[in-house]
Amino acid sequence: MVLSGLVGSVVTFLVSLLIGGLGIYVGARVMTGDGDFEQAVWTALFAALGVGVVSLLVGWIPLLGGLLATVLGFFVYLGIINWRYPGGWIDAAGIALIAWLASVLVLTLVSPLLPGGIGALGVAGV
């Protein structure tokens, strides 16, 4: 029973990471014409870790923690995209927007095939 739960969690994590990586890949190709899928998956993983760290650091603060974690987490997310891809903050914002749109589209198309709870790891707001 525990093993099947662990396997399910690992599969959910990997599928979510691949969907997030696909979104970032599409955004990066459209905005900069640069990058490959592996770079996008690593970017999604770094972004998820960065947002997670921010949430741990400020999310516990009463009343404002959730808002601070969301705002600061989004800027960390943009900063990681800016670090991983050429261009500046405007290109990073464009990559993030297109990544969000692409991830929502992919999840909408494949959600009947996936168990509940699958998202796009490493893409803000999905």
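Along the sequence shown, the residues carry numbers beginning at 1.
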Between Ser103 and Gly20, the two heavy atoms sitting closest are OG-CA, 4.4 Å
**Prompt:** In the single-linkage hydrophobic clustering (I, L, V, M, F, W, Y; side-chain heavy atoms under 4.5 Å), do Leu63 and Val71 co-cluster?
**Reply:** no
Looking only at heavy atoms, the pair that brings Ile98 and Gly27 closest together is CG2-CA, 3.4 Å
For Gly122 and Ala47, the nearest pair of non-hydrogen atoms, with its separation, is O-CB, 3.8 Å
| said: A quick test of your reading: do over 12 heavy atoms of other residues, nucleotides or ligands sit less than 6.0 Å from CG of Leu109? | reply: yes
Q) Hey, are the side chains of Val104 and Thr108 touching, using non-hydrogen atoms and a 4.5 Å cut-off? A) yes
CG (Leu57) and CG (Leu68) are apart, to the nearest 0.5 Å, by 11.5 Å
So CZ of Arg29 and CD1 of Ile95: to nearest 0.5 Å the spacing works out to 11.5 Å
(Q) For Val51, is there any backbone N or O sitting under 3.5 Å from a side-chain donor or acceptor partner on Ser55? (A) no
Heavy atoms of Tyr77 and Val123 approach each other most closely as OH-CA, 3.7 Å
* Same cluster or not: are Leu49 and Leu56 linked, directly or through other Ile, Leu, Val, Met, Phe, Trp or Tyr residues, by side-chain heavy atoms under 4.5 angstrom apart? -> no
Same apolar cluster (I L V M F W Y, side chains within < 4.5 Å links), Leu121/Val10: yes
Scanning both residues in full, the closest heavy-atom pair of Ala120 with Leu107 reads N-CD1, 4.1 Å
Any non-hydrogen side-chain atom of Tyr25 less than 4.5 Å from a side-chain atom of Leu18? no
Smallest heavy-atom separation, Ala69 atom then Gly59 atom, equals CB-CA, 4.3 Å
Could you walk me through whether Phe13 and Leu45 pass the side-chain contact (heavy atoms from CB on, under 4.5 Å) test, one step at a time? CA-CA 10 Å; Phe13 171 79; Leu45 182 62; 4.0 Å; yes
Table please: side-chain donor-acceptor pairs of residues 78-93 below 3.5 Å, with sequence neighbours left out.
{"from": "Arg84", "atom 1": "NE", "to": "Thr43", "atom 2": "OG1", "distance (Å)": "3.0"}
{"from": "Arg84", "atom 1": "NH2", "to": "Gln39", "atom 2": "O", "distance (Å)": "3.2"}
{"from": "Tyr85", "atom 1": "OH", "to": "Ala40", "atom 2": "N", "distance (Å)": "3.4"}

*Applying side-chain contact (heavy atoms from CB on, under 4.5 Å), run through Phe37 and Val41 and close with a yes or a no.*
CA-CA 6 Å; Phe37 186 67; Val41 171; 3.6 Å; yes
(message) Count I, L, V, M, F, W, Y as connected when their side-chain heavy atoms are under 4.5 Å apart, and connections chain through other members. Are Trp60 and Val76 then in the same cluster?
(response) yes
